[in-house]
Number of protein chains: 2
Amino acid sequence: MDNIDRELLALLQADATQSYAALGEAVGLSSGATHERVRKLRRRGVIRRTSVDVDPAAVGKGVAAFVMLDASAWMGGEETAAALAALPWIEEAHIVAGAASLMVKVRTSSPEDLQAVLRRLHEVPGVTSTQTVVVLETFFERPLDPRGDSPRDQERPS
Amino acid sequence: MDNIDRELLALLQADATQSYAALGEAVGLSSGATHERVRKLRRRGVIRRTSVDVDPAAVGKGVAAFVMLDASAWMGGEETAAALAALPWIEEAHIVAGAASLMVKVRTSSPEDLQAVLRRLHEVPGVTSTQTVVVLETFFERPLDPRGDSPRDQERPS
DNA sequence: CGTGAAAGATTGTGCTT
DNA sequence: AAGCACAATCTTTCACG
């Protein structure tokens, strides 16, 4: 994982339809060498998959919300994960430390559907209460920058 | 936007490296017709881009957290968005309704770096307090299902 | 929406450093 | 090991029906 790999990841995040020739030119490598590096990034699991980014509003998921769930007893990890994964309106689910036990991100077509999903979340075994934060406007959602510097450094040189 | 389009979106989300011939076979269309549909989905903005999904831990972003920000005065949208976007450890930023004004998702390499990012968030003009929820374990993060049914329907037929 | 041909990309082999 | 250059194969992309 050198700087060329990180640069390739950033370029592929921005546009994965580019040819290896174009990618190679951007990082100063031949098409073949570039392809070989990307193949290794895939095999090592650094690149998990190539995907398309779909506009949520265009597929009837224009309403987003974060829901914090409290659990009474300790919820079996596997079991809870499966119950949440079965609800297709849940985009992410995490175990968290803080006020709540679980944090999930939900997308629905309307506030009414959001309410229906909340009702279903209350039916998940172990869930005792929910606290919902509705998204009014999204500033941005973007891929992580692989060229990571540390926030403890003074000023980032652009 | 018919069911074939939605099916194509789901297939492309799962693997955007497939050939149009393979996609076409899966939905019962020729390679040419499939390509035309996908081209239109791109042009209409339903598909925003093709990207690679990178393992956060592999690029030094193994720690995730959600931070809720409170604002004193009303924060100018554009200005705040720019200040947050300038911090590369912030993956998402939303205006929210509820206990807080803003919700952001942060990824860093360590708890120490998370603390440094929180310090920087306090320096954003208008921010008065932060409440942080640290992710201990991620169950899943997945693309939305474009074949959206409503949660108000009885039982989902698989 | 399908077919077929031209243009272009991907993937493999051999060779060099 | 890693990269380059050339060649074979497959895909995309453009006609036209």
Side-chain angles (χ1 to χ4, degrees), chain A residues 1-60 142-149 157, chain B residues 1-62 109 142-149:
Chain A
M1 263 295 270
D2 58 6
N3 284 329
I4 295 184
D5 280 340
R6 277 184 276 271
E7 191 62 35
L8 286 173
L9 289 175
L11 290 166
L12 285 170
Q13 280 177 337
D15 179 11
T17 68
Q18 292 169 87
S19 72
Y20 291 116
L23 284 171
E25 186 164 8
V27 301
L29 252 56
S30 77
S31 152
T34 305
H35 183 268
E36 177 65 10
R37 275 177 179 264
V38 174
R39 199 187 61 79
K40 282 178 184 163
L41 287 169
R42 281 185 210 280
R43 200 172 40 77
R44 284 166 40 207
V46 176
I47 295 177
R48 293 201 276 219
R49 69 181 159 184
T50 303
S51 183
V52 294
D53 185 39
V54 173
D55 177 16
V59 293
R142 63 186 181 192
L144 323 144
D145 193 338
R147 296 154 299 193
D149 40 6
Chain B
M1 263 295 270
D2 57 7
N3 284 329
I4 294 185
D5 281 339
R6 277 184 276 271
E7 192 61 37
L8 285 173
L9 289 174
L11 290 166
L12 285 170
Q13 281 177 336
D15 178 11
T17 67
Q18 289 171 88
S19 70
Y20 290 116
L23 284 172
E25 187 164 8
V27 299
L29 253 55
S30 77
S31 154
T34 304
H35 182 267
E36 177 65 10
R37 276 177 179 263
V38 174
R39 199 187 61 78
K40 281 178 185 163
L41 287 170
R42 281 186 209 280
R43 198 170 43 74
R44 285 167 41 207
V46 176
I47 294 178
R48 293 201 277 219
R49 71 180 157 184
T50 302
S51 183
V52 293
D53 185 39
V54 173
D55 178 15
V59 293
K61 297 275 166 57
S109 64
R142 63 186 179 192
L144 324 142
D145 193 336
R147 296 154 300 194
D149 40 7

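Source: prediction; values computed, not measured. Sequence lines set the chain letters: A, B, ... in the order given, protein chains first and strands last, and positions in each chain run from 1.
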Q: Write down the atom of A:Asp55, the atom of B:Gly45, and the distance for their closest heavy-atom approach.
A: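 Of all heavy-atom pairs spanning A:Asp55 and B:Gly45, the closest is CB-O, 3.5 Å.
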(Q) Please give me the minimum heavy-atom distance between A:Ala26 and A:Leu11, naming the atom from each residue. (A)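 Here A:Ala26 and A:Leu11 meet closest at CB-CD1, 3.8 Å.
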(Q) Under the rule for side chain to side chain contact (heavy atoms under 4.5 Å, CB included), what residues qualify as partners of A:Ser31, not counting sequence neighbours? (A)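 A:Ser31 satisfies side chain to side chain contact (heavy atoms under 4.5 Å, CB included) with A:Tyr20, A:Ala21 only.
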Q: Can you measure from CD (A:Gln13) to CG (A:Asp15) and round to the nearest 0.5 angstrom?
A: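 Rounded to the nearest 0.5 Å, the CD-CG separation comes out at 12.0 Å.
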**Q.** A:Arg147: salt bridge (Lys or Arg N to Asp or Glu O under 4.0 Å) partners, not counting sequence neighbours
**A.**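 Checked A:Arg147 against salt bridge (Lys or Arg N to Asp or Glu O under 4.0 Å); matches are A:Glu7, A:Asp145.
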State, yes or no, whether a side-chain contact exists between [X] and [Y] at a heavy-atom distance under 4.5 Å.
X: A:His35; Y: A:Leu23; value: no
X: B:Asp2; Y: B:Arg37; value: yes
X: B:Ser51; Y: A:Arg142; value: no
X: B:Leu9; Y: B:Asp5; value: no

Q) What pattern of brackets, bars and dots sums up DNA chain D from 5' to 3', given Watson-Crick or G-U wobble pairs under 3.5 Å, [ ] for crossing pairs and | for another strand? A) .|||||||||||||||.
Q | Opening and closing nucleotides of DNA chain D in contact with chain A, under 4.0 Å to non-hydrogen atoms | A |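 For DNA chain D, the relevant span reads D:dA2 to D:dC4.
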**Q.** By side chain to side chain donor-acceptor pair (under 3.5 Å) - contacts of B:Ser30 (at least two apart)
**A.**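 Residues passing side chain to side chain donor-acceptor pair (under 3.5 Å) with B:Ser30: none at all.
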Q. Tell me, for nucleotides 4-17 of chain C in 5' to 3' order, what letter each nucleotide earns: B for a base near a protein heavy atom under 4.0 Å, S for only sugar-phosphate near one, - for neither?
A. ------SS------
